[in-house]
Amino acid sequence: MSDTDCIFCKIAAGEMGELIYENERAAAFHDVSPQAAVHVLVVPKSHHDNICDGVDGDTLAAMVDAVQAVVEQTQIAQSGYRVITNTGADAGQAVAHLHWHVLGGQNLGPLVVPEH
Ligand code: 5GP
Ligand code: ZN
């Protein structure tokens, strides 16, 4: 998928939807279909298909800064939260632009996967 067709490229660029945080290299916005009381997506502004697709250290650091800002803004720093990134078919990745799910605001229970 090219950058021009990528929905998260457009959102990160501020062309659609609403950002709750941004810095030079990363942006954060509410998931359209929240799976927890707090469900925010943190993305790089540059297009990478997933976490192993050539993401440079400065971009990763900017994404961590975004996570820190989001957990402060949503007041989940003390209660706890989970950060996950789905990659590829087995993980059910639906959008091929690197994104970290920040989940919290409630007890998330154990991390569960189906029996193998
Ligand atoms: P994945 O399954 O790829 O890890 O997660 C993709 C996430 O993106 C899903 O939780 C889905 O609800 C969210 N999502 C998909 N399209 C949009 C959109 O256009 N706007 C927002 N805010 N979230 C989206
Ligand atoms: Zn993209």
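First listed ligand is number 1; within each ligand, the first listed atom is number 1.
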> Is the CD atom of E24 crowded by more than 12 outside heavy atoms at less than 6.0 Å?
Replying inline: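 For E24, atom CD is not crowded (no more than 12 foreign heavy atoms under 6.0 Å).
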>> Tell me if the CD atom of Q75 is crowded by more than 12 foreign heavy atoms within 6.0 Å.
In response: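 Not more than 12 within 6.0 Å, no.
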Backbone of [Y] reached by a side-chain donor or acceptor of [X] within 3.5 Å:
X: D31; Y: H39; answer: no
X: H47; Y: A96; answer: yes
X: K45; Y: T59; answer: no

Give the atoms of ligand 1, by number and element, whose distance to some non-hydrogen atom of [X] is under 4.0 Å.
X: S33; value: 12 (O)
X: I7; value: 19 (O)
X: Q93; value: 3 (O)
X: G92; value: 2 (O)

For the [atom1] atom of [X] and the [atom2] atom of [Y], what is their distance to the nearest 0.5 Å?
X: D53; Y: L98; atom1: CG; atom2: CG; value: 8.5 Å
X: R82; Y: L111; atom1: CZ; atom2: CG; value: 5.0 Å
X: C9; Y: H48; atom1: SG; atom2: NE2; value: 9.0 Å
X: I76; Y: Y81; atom1: CD1; atom2: OH; value: 7.0 Å
X: Q93; Y: N50; atom1: CD; atom2: CG; value: 6.0 Å

Using distance alone, determine whether [X] and ligand 1 share an N or O pair under 3.5 Å.
X: V32; answer: yes
X: A94; answer: yes
X: F29; answer: no
X: H101; answer: yes
X: F8; answer: no

>> Under 4.0 Å, counting heavy atoms only: does L41 come that close to any atom of ligand 1?
In response: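 Yes, L41 has a heavy atom closer than 4.0 Å to ligand 1.
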> Does ligand 1 have an atom under 4.0 Å from some heavy atom of I11?
Replying inline: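 Yes, I11 has a heavy atom closer than 4.0 Å to ligand 1.
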>> For the aromatic rings, using the six-membered ring if either is Trp, is the centroid distance between H101 and H99 under 6.0 Å?
In response: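 Yes, close enough.
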>> Nearest 10°: the angle subtended at the Zn ion (ligand 2) by C9 SG and H47 ND1?
In response: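 SG of C9 and ND1 of H47 make an angle of 110° at the Zn ion (ligand 2), to the nearest 10°.
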> Is the distance from the Zn ion (ligand 2) to the nearest N/O/S atom of H97 under 2.8 Å?
Replying inline: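 It does: H97 brings an N, O or S atom closer than 2.8 Å to the Zn ion (ligand 2).
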Starting from [atom], what is the nearest protein heavy atom, named by residue and atom, and what distance separates them?
atom: atom 15 (C) of ligand 1; value: V95 CG2, 4.0 Å
atom: atom 10 (O) of ligand 1; value: D31 OD2, 2.5 Å
atom: atom 1 (P) of ligand 1; value: H99 NE2, 3.1 Å

> Which option, H39, H30, K10, owns the non-hydrogen atom nearest atom 22 (N) of ligand 1?
Replying inline: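 Of the listed residues, H30 has the closest heavy atom.
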